[in-house]
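These notes concern the structure reproduced below.
Quantities reported herein were computed from a predicted structural model and do not represent experimental measurements. One-based numbering, in listed order, for ligands and for the atoms of each. All values below come from the heavy atoms of this structure, side chains included, with hydrogens, waters and symmetry mates left out.
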Amino acid sequence: MARKVLVLADIRHDKVRNVTFEALSAARKISEGGEVYGALLGKNVSGAADSLAQYGADKVFVVENEALGNYVPDAYAKALETVIKESNPDVVFLAHSAIGRDLAPKVAARLEAAQVSDIIDVQIEGGKLVFTRPIYAGKAFTKNVINEGVVFATIRPNNLPASEPGAGRSANVVNVSVDIPADSLRSFIKEVVKKTTGGVDLSEAKIIVSGGRGVKSADGFKPLQELADTLGAAVGASRGACDAGYCDYALQIGQTGKVVTPDLYIACGISGAIQHLAGMSNSKVIVAINKDPEAPIFKVADYGIVGDLFEVVPVLTEELKKVLA
Ligand code: FAD
């Protein structure tokens, strides 16, 4: 059955995030010969239309508006609703990011549509879409079948494969005008204060070096940062490390932090509490460095190093520098 699938581009710091391309590739697969649409909402975003086309969008709906410069729920909901009315999709994909998690249920509820959150797979079985999502902090998975109507789904980054971009591919660009009067917005952004944690985007990183309470201080993160720089990795943390004030909460991985699925996760001085595992246990390869051989993190690790992280991490970094030089 041919379907129309709309993918809202997830834009951060003026850059389309990889999860958008993963979503477009999934959209192509489930459209079964139907149409794939991209949506770009924001200020000065139309330049990204080509990249959406390369990953499979046949048509890109662009809403350029001053009110969309930062994420404001009412403004984005109105813009997305307008694009949906214009494009009439069967499925709407958003990233399972801070924006997607807020926006998807809001617009789905307004349109009385179904919504599935945090999906890690979508297949067609017996002509129906089957969405897979983790439950119980990643210990089990549910398969969700939506029998009728429009479906909104948020996609967990780094789980669905992005296809190779088609360099010569182009899309029809449709400019959509949306009136968003300032007095119709119940909230607005006065100022954006950027955190200095910078570096590689944690939720999209292919490699993460993560520190726990075992790093013992903010300075204790320095060898981890050096290892991360050597590997082109992002630095993450357990809540134990964040609570102790060793790093910013923006780095927290776990049930109440970010959920990550990198190719390689290196856990240093992290015990492996269930709440931490909820955020990283689906990583493709897990390496744990811990001086306690009984630490639960070793139960999920593919490779375990029992030792003092302050001895192991610098040696690892030096050896990797030689290999990667
Ligand atoms: P610890 O458990 O104290 O472990 C430190 C580890 O470092 C130990 O295993 C120790 O052997 C090792 N170590 C010490 N020194 C060294 C050294 N020199 N070299 C090598 N190893 C060393 N936690 C999260 O991480 N993310 C969450 O999102 C999260 N959400 C939560 C939500 C709720 C509702 C609750 C109740 C808890 C949550 N937690 C979360 C907290 C979680 O339960 C743990 O307390 C936390 O993960 C522990 O952090 P840790 O592993 O860094 O610290």
Less than 4.0 angstrom from a charged side-chain N to a carboxylate O is my criterion; do Glu318 and Lys322 meet it?
no
Okay, side chain of Asp308, backbone of Lys291: is any donor-acceptor separation there less than 3.5 Å?
no
So, are Arg133 and Asp118 salt-bridged, with charged N and O less than 4.0 Å apart?
no
Other than Val130, which residues form its hydrophobic cluster under the rule that side-chain heavy atoms must be closer than 4.5 Å?
Val145
Using side-chain hydrogen bond (donor to acceptor under 3.5 Å, both in side chains) as the criterion, list what pairs up with Arg3, not counting sequence neighbours.
Glu32
By side-chain hydrogen bond (donor to acceptor under 3.5 Å, both in side chains), which residues pair with Lys222, not counting sequence neighbours?
Asp219
Within the 4.0 Å heavy-atom sphere of ligand 1, strictly under, residues:
Gly212, Arg213, Gly214, Lys216, Ser238, Arg239, Gly240, Gln252, Ile253, Gly254, Gln255, Thr256, Gly257, Gly269, Ile270, Ser271, Ala273, Gln275, His276, Asn290, Lys291, Asp292, Gly307, Asp308, Leu309, Phe310
